[in-house]
Number of protein chains: 2
Amino acid sequence: MSDFRYNCLYFTTNRLSRIITKMADEAFAPTGFSPMYGYLLLLIIEDPGSAQKKLAEQLDIAPSTLTRFIEKLEQRGLVHRTTHGKTVLVYPTDAGRALENEIHMASKRLHQMYERILGKTASDLLSRELVNSSDQLEGK
Amino acid sequence: MSDFRYNCLYFTTNRLSRIITKMADEAFAPTGFSPMYGYLLLLIIEDPGSAQKKLAEQLDIAPSTLTRFIEKLEQRGLVHRTTHGKTVLVYPTDAGRALENEIHMASKRLHQMYERILGKTASDLLSRELVNSSDQLEGK
DNA sequence: TATGTTTAGTTGTACATACAAATGTTTTTT
DNA sequence: AAAAAACATTTGTATGTACAACTAAACATA
């Protein structure tokens with residue numbers, strides 16, 4: 001009857017999402033911020049001067065959500081913004097750059113956590129399938 | 001460099017989750033509540049008198065989250081609770097039962113939306129893989 | 001039987017996230 | 001050049017979700 005728990009993507013995806021988010025929070029706890037902020041900071045470090053629009057697209061989140069994230073990173077002195085007309089460019093500060101390695105280590109911890117259980121090959125495969133489905137659903 | 005967008009389960013899972021949640025919100029919009037409430041109500045209709053603990057386990061959400069959901073369903077007059085010692089049993093009201101069919105239709109709409117894009121076989125397979133991985137990660 | 005421990009549920013609080021409306025800026029059209 | 005359309009960002013507000021702390025009930029054990 002209630003087979004939606006096994007065959008409805010809404011349910012199955014959100015379930016995994018909750019589980020992985022919890023693991024990620026743990027893995028990123030020592031950095032002092034949550035995974036999404038860590039990855040966002042990485043993106044900004046890799047490509048300083050990105051427009052917010054681009055960052056939001058890369059992370060696949062709503063622009064308003066990105067504004068909130070950048071605000072917090074700025075409050076902590078990890079990035080700064082410069083406005084050019086209607087676009088806003090984001091740069092890492094030295095304090096931000098100094099965290100790069102720590103974030104990479106947190107990311108590695110996360111990978112180890114789930115790869116130890118799922119196996120590396122299966123994890124990679126699953127990730128690829130998820131990207132694939134997401135791309136299709138977004139018409140990309 | 002920023003390959004986390006493709007190979008980090010935290011990221012890939014959450015991305016799909018956001019996409020599917022958006023579709024589900026659309027599909028469930030005519031019912032007047034969001035997908036999670038719909039599915040919860042189905043569960044309660046199928047097995048009247050469930051304890052909240054059981055429902056939370058079935059939906060794989062935190063007990064506190066479930067309390068909030070049940071509260072809202074109760075406010076709308078779709079379920080009611082009876083306390084027996086420390087456990088709380090949840091029953092659908094007639095108004096709740098009356099919605100069963102509408103929820104099923106919403107669920108069907110959702111399935112059609114994504115199956116039209118991903119294909120039925122691929123969708124089912126993906127769902128099964130997600131359940132599988134979730135079970136493994138939770139040691140089930 | 002009394003006291004300690006586990007269990008079920010609730011409440012306070014916090015965070016990620018989204019949408020819709022508002023603001024300010026550039027581009028296009030007339 | 002003026003008016004209109006498109007665009008990037010921000011702000012207000014709402015929702016799903018969780019954790020930690022709490023309450024109250026049940027169970028266990030001494």
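Here is how names work: the chains are called A, B, and so on, in the same order as the sequence lines, proteins then strands, and each is numbered from 1.
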Engineer: With nearest nucleotide decided by heavy atoms, which residue, B:L66 or B:Y10, maps closer to the 5′ end of DNA chain C?
Structural biologist: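 Counting from the 5' end, the first nearest nucleotide belongs to B:L66.
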
Engineer: Going by number, which of residues 77-93 of chain A have a non-hydrogen atom under 4.0 Å from DNA chain C?
Structural biologist: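 By residue number: A:G85, A:K86.
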
Engineer: Sequence neighbours left out, what pairs pass ring-ring contact (aromatic ring centres under 6.0 Å, His included) with at least one residue falling in residues 47-75 of chain B?
Structural biologist: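 Of all non-adjacent pairs touching residues 47-75 of chain B, those that pass ring-ring contact (aromatic ring centres under 6.0 Å, His included) are B:Y37-B:F69.
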
Engineer: Going 5' to 3' along DNA chain D, between which two nucleotides do contacts with chain A fall, using a heavy-atom cut-off of 4.0 Å?
Structural biologist: D:dC7 to D:dC19

Engineer: Classify B:T21 by what it touches in the nucleic acid, base, sugar-phosphate, or nothing, heavy-atom distance under 4.0 Å.
Structural biologist: nothing

Engineer: Is there a donor in the side chain of B:N14 and an acceptor in the side chain of B:S17, or the other way round, less than 3.5 Å apart?
Structural biologist: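 The answer is no; no qualifying pair exists.
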
Engineer: Taking only residues two or more places apart in sequence, or in another chain, which ones meet B:E74 in a side chain to side chain donor-acceptor pair (under 3.5 Å)?
Structural biologist: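 Side chain to side chain donor-acceptor pair (under 3.5 Å) check on B:E74 returns B:R81.
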
Engineer: For residues 106-140 of chain A, which residue pairs pass the ring-ring contact (aromatic ring centres under 6.0 Å, His included) check, not counting sequence neighbours?
Structural biologist: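 Those involving residues 106-140 of chain A are A:H111-A:Y114.
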
Engineer: Can you tell me how far P of C:dC15 sits from CG of A:D25, to the nearest Å?
Structural biologist: 12 Å

Engineer: Cluster partners of B:M105, using ILVMFWY side-chain heavy atoms under 4.5 angstrom, listed by chain and number?
Structural biologist: none

Engineer: Once side chain to side chain donor-acceptor pair (under 3.5 Å) is applied, do any residues pair with B:S127, and if so which ones, sequence neighbours excluded?
Structural biologist: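 Expected list: A:T12.
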
Engineer: Assuming nearest nucleotide by heavy-atom distance, tell me which of B:P35 and A:K54 is located more 5' along DNA chain D.
Structural biologist: A:K54

Engineer: What is the distance, to the nearest angstrom, from the CD atom on B:E57 to the P atom on C:dT7?
Structural biologist: 12 Å

Engineer: Under the side-chain contact (heavy atoms from CB on, under 4.5 Å) rule, collect the residues that match up with B:P63, sequence neighbours excluded.
Structural biologist: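 Residues passing side-chain contact (heavy atoms from CB on, under 4.5 Å) with B:P63: none at all.
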
Engineer: Mind checking side-chain contact (heavy atoms from CB on, under 4.5 Å) for B:K120 and listing every partner two or more places apart, or none if nothing turns up?
Structural biologist: B:E115, B:D124

Engineer: What residues, two or more places apart in sequence or in another chain, satisfy side chain to side chain donor-acceptor pair (under 3.5 Å) together with B:E102?
Structural biologist: none

Engineer: Would a line drawn from the ring center of B:F33 to the ring center of B:Y39 be shorter than 6.0 Å?
Structural biologist: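 B:F33 vs B:Y39: aromatic centres not under 6.0 Å.
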
Engineer: Please write out the pairs of protein N or O atoms and N or O atoms of nucleotides 19-22 of chain C separated by less than 3.5 Å, giving the distance to one decimal.
Structural biologist:
residue	atom	partner	partner atom	Å
C:dC19	N4	A:S64	OG	2.8

Engineer: What's the CD-C1' distance between B:Q52 and C:dT7, to the nearest Å?
Structural biologist: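 Nearest whole value for this atom pair: 14 Å.
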
Engineer: Not counting sequence neighbours, which residues clear side chain to side chain donor-acceptor pair (under 3.5 Å) with A:N132? List them please.
Structural biologist: none

Engineer: Quickly work out the A:L55 CG to C:dT17 C1' distance and round it to whole Å.
Structural biologist: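 Computing the A:L55:CG to C:dT17:C1' distance gives 17 Å.
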
Engineer: Please classify the nucleic acid contact of B:F33 as base, sugar-phosphate, or nothing, using heavy-atom distances under 4.0 Å.
Structural biologist: nothing

